[in-house]
Amino acid sequence: VMAFVCGIIFLDAVGFGLLMPIMPKLLEDVAGLSLSDGAAIAGLLLSAFGLMQFIFAPILGGLSDRFGRRPVLLIALLGFSIDSFIMAWAPTLTWLFVARLISGICGATYAAANACIVDVSSHEERAKFFGFAGAALGLGFIFGPAIGGFLGDYWVRLPFIASGCLIFCVFLFGYFAFPETLKEENRR
(Lines give C-alpha, C1' and ligand atoms only; values in the text may rest on other atoms or scores of the structure.)
Protein backbone atom coordinates (compact mmCIF):
# COMPACT_ATOMS: atom_id res chain seq x y z
CA VAL A 1 0.00 0.00 0.00
CA MET A 2 2.76 2.45 0.88
CA ALA A 3 4.64 1.76 -2.36
CA PHE A 4 1.49 2.53 -4.35
CA VAL A 5 0.65 5.65 -2.33
CA CYS A 6 4.21 6.97 -2.57
CA GLY A 7 4.17 6.21 -6.30
CA ILE A 8 1.05 8.32 -6.74
CA ILE A 9 2.47 11.21 -4.73
CA PHE A 10 5.72 11.01 -6.69
CA LEU A 11 3.90 11.03 -10.04
CA ASP A 12 1.72 13.98 -9.02
CA ALA A 13 4.83 16.01 -8.26
CA VAL A 14 6.57 14.84 -11.45
CA GLY A 15 3.49 15.96 -13.41
CA PHE A 16 3.89 19.48 -12.09
CA GLY A 17 7.53 19.88 -13.08
CA LEU A 18 7.62 17.84 -16.27
CA LEU A 19 6.50 20.76 -18.39
CA MET A 20 8.94 23.38 -17.07
CA PRO A 21 12.10 22.66 -19.11
CA ILE A 22 10.29 21.92 -22.37
CA MET A 23 7.85 24.81 -22.22
CA PRO A 24 9.61 27.11 -24.73
CA LYS A 25 9.96 24.38 -27.36
CA LEU A 26 6.42 23.12 -26.73
CA LEU A 27 4.88 26.57 -27.15
CA GLU A 28 6.89 27.09 -30.31
CA ASP A 29 5.78 23.69 -31.62
CA VAL A 30 2.10 24.10 -30.80
CA ALA A 31 1.44 27.82 -31.25
CA GLY A 32 4.51 29.18 -33.00
CA LEU A 33 5.25 31.48 -30.04
CA SER A 34 8.70 32.84 -29.37
CA LEU A 35 10.21 32.66 -25.89
CA SER A 36 9.25 36.25 -25.08
CA ASP A 37 5.73 35.88 -26.49
CA GLY A 38 5.16 32.61 -24.67
CA ALA A 39 6.27 33.70 -21.19
CA ALA A 40 2.78 34.72 -20.05
CA ILE A 41 1.21 31.63 -21.64
CA ALA A 42 3.81 29.44 -19.93
CA GLY A 43 2.95 30.95 -16.56
CA LEU A 44 -0.75 30.36 -17.17
CA LEU A 45 -0.16 26.73 -18.16
CA LEU A 46 1.87 26.10 -15.00
CA SER A 47 -0.67 27.94 -12.84
CA ALA A 48 -3.60 26.02 -14.32
CA PHE A 49 -2.18 22.74 -13.00
CA GLY A 50 -1.62 24.11 -9.48
CA LEU A 51 -5.01 25.83 -9.36
CA MET A 52 -6.84 22.64 -10.29
CA GLN A 53 -4.94 20.71 -7.64
CA PHE A 54 -5.83 23.36 -5.07
CA ILE A 55 -9.54 23.21 -5.97
CA PHE A 56 -9.90 19.46 -6.48
CA ALA A 57 -7.72 17.98 -3.70
CA PRO A 58 -10.47 18.40 -1.07
CA ILE A 59 -13.08 17.19 -3.55
CA LEU A 60 -11.15 14.01 -4.34
CA GLY A 61 -10.48 13.56 -0.62
CA GLY A 62 -14.21 13.83 0.10
CA LEU A 63 -15.03 11.40 -2.71
CA SER A 64 -12.51 8.94 -1.26
CA ASP A 65 -14.23 9.26 2.13
CA ARG A 66 -17.54 8.41 0.47
CA PHE A 67 -16.62 5.77 -2.14
CA GLY A 68 -13.31 4.46 -0.85
CA ARG A 69 -9.69 5.27 -1.56
CA ARG A 70 -9.12 2.64 -4.23
CA PRO A 71 -11.66 3.75 -6.87
CA VAL A 72 -10.81 7.44 -6.50
CA LEU A 73 -7.06 6.87 -6.78
CA LEU A 74 -7.38 4.42 -9.67
CA ILE A 75 -9.72 6.67 -11.67
CA ALA A 76 -7.43 9.65 -11.06
CA LEU A 77 -4.41 7.62 -12.22
CA LEU A 78 -6.18 6.42 -15.35
CA GLY A 79 -7.32 9.98 -16.12
CA PHE A 80 -3.80 11.30 -15.54
CA SER A 81 -2.38 8.67 -17.91
CA ILE A 82 -4.88 9.42 -20.66
CA ASP A 83 -4.32 13.12 -20.18
CA SER A 84 -0.56 12.68 -20.63
CA PHE A 85 -1.23 11.24 -24.08
CA ILE A 86 -3.56 14.16 -24.85
CA MET A 87 -0.74 16.55 -23.92
CA ALA A 88 1.64 14.56 -26.14
CA TRP A 89 -0.52 15.09 -29.20
CA ALA A 90 -2.19 18.42 -28.38
CA PRO A 91 -2.53 20.22 -31.72
CA THR A 92 -3.36 23.70 -30.38
CA LEU A 93 -2.82 25.92 -27.38
CA THR A 94 -6.45 25.37 -26.34
CA TRP A 95 -5.85 21.62 -26.19
CA LEU A 96 -2.78 22.22 -24.04
CA PHE A 97 -4.80 24.30 -21.58
CA VAL A 98 -7.63 21.76 -21.41
CA ALA A 99 -5.13 18.94 -20.90
CA ARG A 100 -3.27 20.89 -18.22
CA LEU A 101 -6.52 21.53 -16.35
CA ILE A 102 -7.37 17.83 -16.50
CA SER A 103 -3.83 16.98 -15.32
CA GLY A 104 -4.33 19.18 -12.29
CA ILE A 105 -7.67 17.59 -11.47
CA CYS A 106 -6.36 14.03 -11.84
CA GLY A 107 -3.17 14.93 -9.99
CA ALA A 108 -5.04 16.29 -6.97
CA THR A 109 -4.80 13.02 -5.08
CA TYR A 110 -2.81 14.21 -2.06
CA ALA A 111 -5.79 14.16 0.32
CA ALA A 112 -6.90 10.68 -0.75
CA ALA A 113 -3.32 9.36 -0.70
CA ASN A 114 -2.67 10.79 2.75
CA ALA A 115 -5.97 9.32 3.95
CA CYS A 116 -4.70 5.92 2.78
CA ILE A 117 -1.66 6.36 4.97
CA VAL A 118 -3.89 7.06 7.96
CA ASP A 119 -6.03 4.01 7.10
CA VAL A 120 -3.12 1.55 7.06
CA SER A 121 -0.80 2.90 9.74
CA SER A 122 -0.82 2.61 13.47
CA HIS A 123 -0.34 5.74 15.53
CA GLU A 124 3.30 4.81 16.14
CA GLU A 125 4.07 4.28 12.41
CA ARG A 126 2.19 7.27 11.06
CA ALA A 127 5.05 9.78 11.25
CA LYS A 128 7.40 7.39 9.45
CA PHE A 129 4.86 6.75 6.67
CA PHE A 130 4.16 10.47 6.23
CA GLY A 131 7.94 10.93 6.02
CA PHE A 132 8.01 8.44 3.13
CA ALA A 133 5.19 10.38 1.45
CA GLY A 134 7.07 13.66 1.92
CA ALA A 135 10.21 12.09 0.44
CA ALA A 136 8.19 10.89 -2.57
CA LEU A 137 6.82 14.41 -3.05
CA GLY A 138 10.29 15.97 -2.85
CA LEU A 139 11.77 13.42 -5.25
CA GLY A 140 8.94 14.09 -7.68
CA PHE A 141 9.70 17.80 -7.66
CA ILE A 142 13.36 16.99 -8.37
CA PHE A 143 12.82 14.34 -11.03
CA GLY A 144 9.93 16.02 -12.89
CA PRO A 145 11.99 18.80 -14.49
CA ALA A 146 14.97 16.46 -14.93
CA ILE A 147 12.88 13.88 -16.80
CA GLY A 148 11.17 16.58 -18.84
CA GLY A 149 14.46 18.15 -19.84
CA PHE A 150 16.24 14.88 -20.59
CA LEU A 151 13.47 13.37 -22.72
CA GLY A 152 12.54 16.74 -24.23
CA ASP A 153 15.99 16.95 -25.81
CA TYR A 154 15.01 14.02 -28.03
CA TRP A 155 11.50 15.20 -28.86
CA VAL A 156 9.41 17.87 -27.14
CA ARG A 157 6.43 15.49 -26.82
CA LEU A 158 8.37 12.47 -25.52
CA PRO A 159 8.15 13.39 -21.79
CA PHE A 160 4.35 13.18 -21.98
CA ILE A 161 4.39 9.81 -23.73
CA ALA A 162 6.84 8.43 -21.17
CA SER A 163 4.77 9.90 -18.34
CA GLY A 164 1.55 8.41 -19.71
CA CYS A 165 3.13 4.97 -20.02
CA LEU A 166 4.62 5.13 -16.51
CA ILE A 167 1.38 6.32 -14.95
CA PHE A 168 -0.56 3.59 -16.75
CA CYS A 169 1.86 0.98 -15.37
CA VAL A 170 1.27 2.33 -11.84
CA PHE A 171 -2.49 2.20 -12.55
CA LEU A 172 -2.17 -1.48 -13.56
CA PHE A 173 -0.11 -2.25 -10.46
CA GLY A 174 -2.74 -0.55 -8.30
CA TYR A 175 -5.61 -2.28 -10.06
CA PHE A 176 -4.18 -5.72 -9.33
CA ALA A 177 -2.28 -5.14 -6.06
CA PHE A 178 -3.83 -2.20 -4.20
CA PRO A 179 -6.56 -3.18 -1.71
CA GLU A 180 -9.26 -0.84 -0.46
CA THR A 181 -7.99 0.72 2.76
CA LEU A 182 -11.18 2.37 4.01
CA LYS A 183 -13.60 -0.01 5.68
CA GLU A 184 -17.23 0.15 4.60
CA GLU A 185 -18.41 1.18 8.07
CA ASN A 186 -16.03 4.18 8.11
CA ARG A 187 -17.30 5.71 4.87
CA ARG A 188 -19.42 8.85 4.83
Side-chain angles (χ1 to χ4, degrees), residues 1-19 45-87 97-145 147 160 162-188:
V1 170
M2 279 306 299
F4 180 70
V5 168
C6 287
I8 289 174
I9 291 170
F10 174 78
L11 290 172
D12 290 346
V14 165
F16 181 78
L18 193 68
L19 191 62
L45 279 169
L46 292 172
S47 297
F49 184 88
L51 179 64
M52 290 298 101
Q53 281 195 323
F54 176 75
I55 293 169
F56 280 88
I59 294 170
L60 291 182
L63 288 172
S64 77
D65 287 344
R66 172 70 178 99
F67 298 107
R69 316 295 186 219
R70 186 176 193 275
V72 169
L73 292 174
L74 289 177
I75 290 169
L77 274 175
L78 185 59
F80 206 7
S81 175
I82 292 168
D83 182 69
S84 293
F85 293 112
I86 293 171
M87 294 266 313
F97 270 104
V98 169
R100 203 62 182 159
L101 293 171
I102 294 170
S103 292
I105 293 168
C106 293
T109 56
Y110 298 113
N114 286 333
C116 273
I117 294 172
V118 172
D119 292 343
V120 299
S121 63
S122 66
H123 185 69
E124 294 79 29
E125 296 176 311
R126 200 160 291 152
K128 176 177 75 171
F129 287 165
F130 276 115
F132 290 152
L137 181 70
L139 288 172
F141 282 130
I142 292 168
F143 283 103
I147 292 168
F160 300 112
S163 173
C165 292
L166 177 63
I167 294 168
F168 188 73
C169 289
V170 173
F171 164 79
L172 287 176
F173 170 75
Y175 184 80
F176 291 109
F178 180 62
E180 177 58 61
T181 62
L182 182 65
K183 296 176 183 170
E184 190 74 38
E185 62 270 11
N186 293 337
R187 295 184 188 179
R188 285 195 225 163

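How far CZ of Arg69 is from CG of Leu60: 12.0 Å, rounded to the nearest 0.5 Å. Taken to the nearest 0.5 Å, the CZ atom of Phe178 stands 6.5 Å off from the CD1 atom of Ile8. Interatomic distance, CZ of Phe171 versus CZ of Phe176, reported as 8.5 Å (0.5 Å rounding). The distance from the CZ atom of Arg100 to the CG atom of Asp83 is 8.5 Å, given to the nearest 0.5 Å. Taking CD1 of Ile142 as the start and CG of Leu137 as the end, the distance is 10.0 Å to the nearest 0.5 Å. Going from atom CG of Leu11 over to atom CZ of Phe16 covers 15.5 Å, rounded to the nearest 0.5 Å.
Residue Arg66 places its CZ atom among 12 or fewer non-hydrogen atoms of other residues, nucleotides or ligands, all under 6.0 Å distant. Crowding of Phe143 atom CZ: a count of heavy atoms from other residues, nucleotides or ligands under 6.0 Å not exceeding 12. In the displayed structure, Phe54 atom CZ is contacted under 6.0 Å by at most 12 heavy atoms of other residues, nucleotides or ligands.
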For this session: Test Phe130 against Val118 for side-chain contact (heavy atoms from CB on, under 4.5 Å), laying out the working first.
Result: CA-CA 9 Å; Phe130 276 115; Val118 172; 3.8 Å; yes
For this session: Might you work through the side-chain contact (heavy atoms from CB on, under 4.5 Å) test for Leu18 and Met87, ending with a clear yes or no?
Result: CA-CA 11 Å; Leu18 193 68; Met87 294 266 313; over 6 Å; no
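Closest approach of Leu101 and Met52 over heavy atoms only: O-CG, 3.4 Å. What you find for Ile117 and Ala133 is that their closest heavy atoms are CD1-CB, 3.6 Å. Closest heavy-atom contact between Ala136 and Cys6: CB-O, 3.4 Å. Residues Ser84 and Ile167 approach most closely at OG-CD1, 4.0 Å, considering heavy atoms. Considering all non-hydrogen atoms of both residues, Leu73 and Ala112 come closest at CD2-CB, 3.8 Å. In this structure, Glu125 and Val120 approach most closely via the heavy-atom pair OE1-O, 4.5 Å.
One N or O on the side chain of Arg70 and one on the backbone of Tyr175 form a donor-acceptor pair closer than 3.5 Å. At least one donor-acceptor pair under 3.5 Å links the side chain of Asn114 to the backbone N or O of Tyr110. Side-chain atoms of Ser103 come within 3.5 Å of backbone atoms of Ala99 as a donor-acceptor pair (strictly under, hydrogens ignored). Panel note: side chain Ser163, backbone Phe160; no donor-acceptor pair is recorded below 3.5 Å.
Using a 4.5 Å heavy-atom cutoff, the side chains of Leu74 and Phe4 are in contact. The closest side-chain heavy-atom distance from Phe80 to Ile105 is not below 4.5 Å.
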